[in-house]
Chemist: 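Following this message is one structure expressed as structure tokens.
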Amino acid sequence: MMFFTVDRDKCNLCGDCLDECAFRLLEMKTKDSLPTARDVEFRSAEERCIDCGHCVAVCPTGALTLQARTHAGREVAKQGPEDCLPILPELIVSPEQVAQLLMARRTFRAYHDKPVPRETLEKIIRVARYAPSSHNTQAENWLVISDKMEIRRLGQTVIDWMRSMSQEAPEFCRAIDADVIVDLWEKGEDSVFRGAPHLIILHGDSYLGYLNASRDNFAVRLAYFELAAVPYGLGTVWGGFLVAALQLWPPAQKAIGLPEGQEAFDAMSIGYPKNQYRRIPMRNEPSLTWR
Ligand SMILES: Cc1cc2nc3c(=O)[nH]c(=O)nc-3n(C[C@H](O)[C@H](O)[C@H](O)COP(=O)(O)O)c2cc1C
Ligand code: SF4
Ligand code: SF4
């Protein structure tokens with residue numbers, strides 16, 4: 001059986017499913033024949049299919065269903081039109097609403113000592129997982145740390161890295177203002193995670209670190225995450241110092257304590273911000289070239 005089926009009674013032969021497949025894995029042998037899997041050299045269409053569901057999602061008549069299968073050692077569920085979420089016209093947002101959401105999103109650096117309900121964090125993560133990922137890999141694992149002592153310990157790890165760096169590479173240390181972060185920490189301020197009650201760590205198979213696209217995938221996930229958090233009145237701050245330590249200093253990876261073969265790639269703190277921004281600050285004009 002093919003890895004997808006097309007309902008002859010529903011298919012109108014429009015060819016939209018062919019257009020939206022990343023690797024053109026579907027074909028119609030004549031303009032009157034139903035879509036079938038294209039013959040591709042070296043690896044079959046079924047093996048190359050990335051389970052993105054575009055062919056199902058784009059079909060105007062709901063004729064196409066991806067069948068359940070085992071792919072690259074993973075069980076992939078059946079995906080027909082009835083398995084997909086609808087796109088609700090009444091929820092489509094205006095350009096102005098999107099612009100305000102994106103432009104008014106800010107980094108927050110002061111938080112209430114109030115935990116975010118687990119259901120809220122899970123809702124946000126469930127939206128963020130719809131971020132694009134190269135080859136639809138969706139290879140990230142989410143770790144949510146809410147234990148104050150553990151967050152403090154990881155903050156201390158970042159400070160330890162900064163201190164070790166201040167001796168080995170003092171100029172770099174000053175260039176990233178690590179000297180100020182250490183100074184604030186010593187005065188009792190959580191200058192690393194800004195006192196937010198939760199720390200989100202994105203991790204995945206260690207080999208992913210060799211691919212720039214994988215690193216992009218993790219970052220895009222977190223960009224979605226922080227935007228999805230805005231309507232809940234939540235604020236976020238990227239864990240850039242922790243990520244730098246994770247990349248440059250092996251003890252930092254060890255401090256996260258992930259299972260063997262897993263590596264932490266990105267981090268973000270989240271919580272209820274103490275302050276509200278009253279206006280959108282200025283940003284550079286885009287440096288823009290047209291060709
Ligand atoms: C870092 C990155 C690189 C990507 N590169 C390509 C690409 O070169 N060509 C392409 O057709 N799609 C590319 N994509 C899109 C993914 O294949 C796509 O996000 C994924 O299949 C899921 O589909 P969706 O974005 O419609 O949810 C890329 C996505 C990301 C995040
Ligand atoms: S699921 Fe995606 S990759 Fe697979 S056949 Fe459909 S459109 Fe192509
Ligand atoms: S998009 Fe749907 S209706 Fe159009 S050719 Fe593909 S299966 Fe048929």
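Just so you know, ligand 1 is whichever comes first in the structure, and atom 1 is the first atom listed for that ligand.
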Chemist: Against heavy atoms of C52, which atoms of ligand 2 measure under 4.0 Å?
Modeler: 1 (S), 2 (Fe), 3 (S), 7 (S)
Chemist: For ligand 2, indicate whether the residue L26 contacts it via side chain, backbone, both or neither (heavy-atom separation under 4.0 Å).
Modeler: side chain
Chemist: Specify side chain, backbone, both or neither for N136, according to which of its non-hydrogen atoms lie closer than 4.0 Å to ligand 1.
Modeler: both
Chemist: Below 4.0 angstrom from a heavy atom of D216, which ligand 1 atoms are there? Numbered from 1 as shown, please.
Modeler: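 Near D216, the atoms of ligand 1 are 1 (C).
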Chemist: Non-hydrogen atoms of N217 versus ligand 1: any pair closer than 4.0 Å?
Modeler: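 Yes, that is the case, since the closest heavy atom of the residue is under 4.0 Å from the ligand.
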Chemist: Strictly under 2.8 Å, is atom 6 (Fe) of ligand 2 approached by any N, O or S atom of C55?
Modeler: yes
Chemist: Give a yes or no answer on whether the side chain of R283 reaches the backbone of I280 with a donor-acceptor pair at less than 3.5 Å.
Modeler: no
Chemist: Can you tell which part of L66 has a heavy atom less than 4.0 Å from ligand 2: side chain, backbone, both or neither?
Modeler: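 Side chain only.
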Chemist: What protein heavy atom sits nearest atom 5 (S) of ligand 3, and how far off is it?
Modeler: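 The answer is G15 N, 3.2 Å.
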Chemist: Has S133 got any heavy atom lying under 4.0 angstrom from an atom of ligand 1?
Modeler: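 In this structure, S133 qualifies as a contact of ligand 1 - some heavy atom is under 4.0 Å.
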Chemist: So F218 and F265, would you call those rings parallel, tilted or perpendicular, with 30° and 60° as cut-offs?
Modeler: parallel
Chemist: What atoms of ligand 3 come within less than 4.0 Å of a heavy atom belonging to N12?
Modeler: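 Answer, ordered by atom number: 3 (S), 4 (Fe).
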Chemist: Does any N/O atom on S134 come nearer than 3.5 Å to any N/O atom on ligand 1?
Modeler: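 Such a contact does not occur with ligand 1.
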Chemist: Could any protein non-hydrogen atom be found less than 4.0 Å from atom 23 (O) of ligand 1?
Modeler: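 For atom 23 (O) of ligand 1 the answer is yes, since some protein heavy atom falls inside 4.0 Å.
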Chemist: Is G53 in contact with ligand 2, taking contact as a heavy-atom separation below 4.0 Å?
Modeler: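 Distance cut 4.0 Å: G53 passes for ligand 2.
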Chemist: For ligand 1, indicate whether the residue H135 contacts it via side chain, backbone, both or neither (heavy-atom separation under 4.0 Å).
Modeler: backbone
Chemist: Check each heavy atom of I50 against ligand 1 and say whether those closer than 4.0 Å belong to the side chain, the backbone, both or neither.
Modeler: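 The side chain, only.
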Chemist: Relative to the heavy atoms of C11, which atoms of ligand 3 are at a distance of less than 4.0 Å?
Modeler: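 Result: 3 (S), 5 (S), 7 (S), 8 (Fe).
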